[in-house]
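Report on the following structure.
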Number of protein chains: 2
Amino acid sequence: MNETPAGRPTLETVARAAGASRATVSRVVNGSTTVRADIAESIRRAIAELGYVPNPAARSLVTQRTDSIALILPESATRVFSDDAFFPGVIRGVGEALEKADKQLVLLLASTQASHDRILRYVHGRTVDGVVLASMHGADTLPEELRAAGVPVVTSGRPLGEATVPFIDVEHASGVEAAMKHLVGLGRRRIATIAGPQDMVAGRERLAGYLTGLRAVPGAVPLVEEGDFMRQSGTDAMERLLQRDPGIDAVFAASDLMADGALRTLRRLGRRVPDDVAVIGFDDVEAARFTDPPLTTVHQPIHEIGTRLAEQILRLVAGEEVEASVVLPTRLVIRESA
Amino acid sequence: MNETPAGRPTLETVARAAGASRATVSRVVNGSTTVRADIAESIRRAIAELGYVPNPAARSLVTQRTDSIALILPESATRVFSDDAFFPGVIRGVGEALEKADKQLVLLLASTQASHDRILRYVHGRTVDGVVLASMHGADTLPEELRAAGVPVVTSGRPLGEATVPFIDVEHASGVEAAMKHLVGLGRRRIATIAGPQDMVAGRERLAGYLTGLRAVPGAVPLVEEGDFMRQSGTDAMERLLQRDPGIDAVFAASDLMADGALRTLRRLGRRVPDDVAVIGFDDVEAARFTDPPLTTVHQPIHEIGTRLAEQILRLVAGEEVEASVVLPTRLVIRESA
DNA sequence: TGCCACCGAGAGAGCGCTCTCACGAGTCGC
DNA sequence: GCGACTCGTGAGAGCGCTCTCTCGGTGGCA
């Protein structure tokens, strides 16, 4: 009578309590339909009474699944968060979609080289079934290394260089072109841009959109200053721009945060927006509706990027095929700054 | 000669390759010092050659540890993120500190009742060694349920009601009182507040600080409108406030986002800040430096909250004792809005 | 030289689960 | 009425690891 179930109940405990075998209890737990109703019922009762919860480690050991997905943010940690709305939005989208599929989200913050290695170890250990990779800088080797490790991967944003894994992205260039068209239609002729980092595809493509859009202005010369997508860099870049050409009558900033920063510089230097200088941003974060004046911006479906990422990785994990890329539309949202 | 190591190498594979036993390989992997140097060396070489990575599920199964910590955000998912800087900052702080300890961060987004149950299951399953709980609303039952489940827990923000688990919080009231003192010192007499949700301790204590601070103004009557910490609610609350008393000469908003929203209403209605109405916020998010005018606000050490949370949970998980509460200081940052 | 203590290495059990396979009981057809 | 079949259940192996226990070998000391 050494019946001390001391610790947490196991399948065995439940089986004994319900007078069934471990295998049958396992069947009930996993929703098999081939168990006689009354037996299933008494097992379920035993489970409830004992407060049995399956041990995921034991389960993973045999199934080779973990039911969790890693979201890797390889951005330099200091700039990922702060109050940028892009990543939080993506996290939320991914999280919600995974929750529906009853998968777990594991967040890996990859700032340093050490964490790069840690992540590889983590993924090699198969602690996750798949990986969602957000926003790489430059020719990041991570996607390729992960693919080589045989783990399903999907990335947010087309990688720089050749894409070896499926990705979700948005129509950067065409969105920016719409913004440029709007500025030109407003009669603006000396249009500058605050570009994003040129080691990121989002930065490059938005700049490309600016350059393409500028062709509609006969004789216009590109006027470019680079920022890092954050507010402060927008403030600084706007200053440099105005120094280079005080006659600027419009600015396209590659992010709302930089546009907000630019607004600040314009205000400080006594330029009226949009009268003297029209400003357009990119992202359409919540804050864009609260700037002074409210920001005209290129909207991108941040939340949907997250849900689509989750959707793709779930399909890959399930062994299904997915499109090599999904490119979501952007659209110009006209408020008062342009 | 059935030597097909087909899949991932296991301890066994490494042991055979190095001509040692599984136990000895395990010793090397786990850094035991009792292994003869030359054997250890050849084992390490075999590990490198085979690309061996320990299977964490198998390890957890026997050690009963998982080396990962859950961060639960039980806020309604729609409001947790957006572009509020508080949670991202906390996530970053927790993540960095855990990374140093070589622990993994698992993010659980708890929006619905369903996810509440899912979280309990998850934690009961011991998929994590400990739990960090951020920002509960009302008398959330989660901390108590987790404690009852025997899992180490630490929460961010004093819980409403009796605290049954250790928590990290900041000096809400005294920070607000400093802000009020500043306003009074500026000669403001009709000071209103945009309070946070009153089912959150942060909301309540900041309101309490306002009420205490207002006592310094003879005959002053409290003027309170409630928001939800987000921008839009600040815009709306400011409108109601002005309707109730057009002569308001100062406003304390319980969050920077609400203060920013309030700024917008004031601008729209032609009130100059700070000349007509002084505005003070709470949080000191990055955006506070970029509002028009730059926001005077109560600074709270968001990043440190995160690192302290991580520190405490790590100690709990290690079986050490921790203080029942840690309360971090806040301080008034004076910019131009007041 | 012989005995004992000590240290490093291996054998083996077992963590909690899933899943294959075999088996017994019931059902059907000829 | 007997074999063939189906269906539900149990036995048992094994996932990859850790850790205790045991054992063989070496050195110190009498």
Side-chain angles (χ1 to χ4, degrees), chain A residues 2 4-44 46-47 50-68 121-122 124-127 129, chain B residues 2 4-44 46-47 50-68 121-122 124-127 129:
Chain A
N2 48 354
T4 25
R8 305 171 48 206
T10 71
L11 262 197
E12 184 67 41
T13 325
V14 176
R16 269 205 305 263
S21 74
R22 235 169 46 240
T24 305
V25 176
S26 175
R27 286 189 185 96
V28 171
V29 169
N30 292 293
S32 160
T33 52
T34 66
V35 177
R36 221 173 61 209
D38 56 333
I39 297 186
E41 186 45 41
S42 75
I43 289 176
R44 262 189 289 271
I47 288 176
L50 295 167
Y52 169 76
V53 177
N55 179 325
R59 178 179 279 171
S60 294
L61 186 55
V62 37
T63 58
Q64 307 281 38
R65 287 183 291 102
T66 60
D67 292 326
S68 57
R121 265 202 347 265
Y122 195 76
H124 265 108
R126 291 292 184 279
T127 317
D129 298 341
Chain B
N2 48 355
T4 26
R8 306 171 46 207
T10 70
L11 262 196
E12 184 67 42
T13 324
V14 176
R16 269 205 306 261
S21 74
R22 237 170 42 244
T24 306
V25 177
S26 174
R27 286 190 185 97
V28 171
V29 169
N30 293 292
S32 161
T33 51
T34 66
V35 178
R36 220 172 63 209
D38 58 332
I39 297 187
E41 187 45 43
S42 75
I43 288 176
R44 263 190 288 271
I47 288 177
L50 295 167
Y52 168 75
V53 178
N55 179 325
R59 179 178 279 173
S60 294
L61 187 55
V62 37
T63 58
Q64 307 281 40
R65 285 183 293 100
T66 60
D67 292 325
S68 57
R121 265 201 346 265
Y122 194 77
H124 265 108
R126 291 291 184 282
T127 316
D129 298 341

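Chain naming here is simple, since letters A, B, ... match the order of the sequence lines and numbering starts at 1 in each.
Relative to the axis of its first five pairs, the axis of the last five pairs of the helix from C:dT1-D:dA30 to C:dC30-D:dG1 sits at 50°, rounded to 10 degrees.
A pairwise comparison of heavy atoms in A:Thr10 and A:Tyr52 identifies C-CE1, 3.5 Å as the closest pair. Contact between A:Pro56 and B:Gly125 at its shortest, heavy atoms only, is CD-O, 3.1 Å. Between A:Leu61 and B:Asn55, the shortest heavy-atom contact is CD1-ND2, 4.2 Å. Between A:Arg121 and B:Val53, the closest heavy-atom pair is O-CG1, 3.7 Å.
Regarding A:Glu41, its CD atom lies at a distance of 17 Å from the P atom of D:dG8, rounded to whole Å. The interatomic distance linking B:Arg16 (CZ) with C:dG10 (C1') rounds to 16 Å, in whole Å.
Contact annotation: the side chain of B:Arg59 approaches that of B:Val29 to within less than 4.5 Å [non-hydrogen atoms, C-beta and beyond].
Although no hydrogens or angles enter the test, the distance criterion places no donor-acceptor pair under 3.5 Å between the side chain of B:Arg126 and the main chain of B:Ser60. Looking only at distances, no side-chain donor or acceptor of B:Arg27 sits under 3.5 Å from a matching main-chain atom of B:Thr34.
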Exercise. Just by protein heavy atoms under 4.0 Å, how would nucleotides 13-23 of chain C read 5' to 3' in B, S and -?
Worked result: B-BBBBBB---
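B:Thr24 pairs by the side chain to side chain donor-acceptor pair (under 3.5 Å) definition with B:Ser21, not counting sequence neighbours.
Checking the phosphate oxygens (OP1, OP2) of C:dG10, a side-chain nitrogen or oxygen of B:Thr24 falls inside 4.0 Å.
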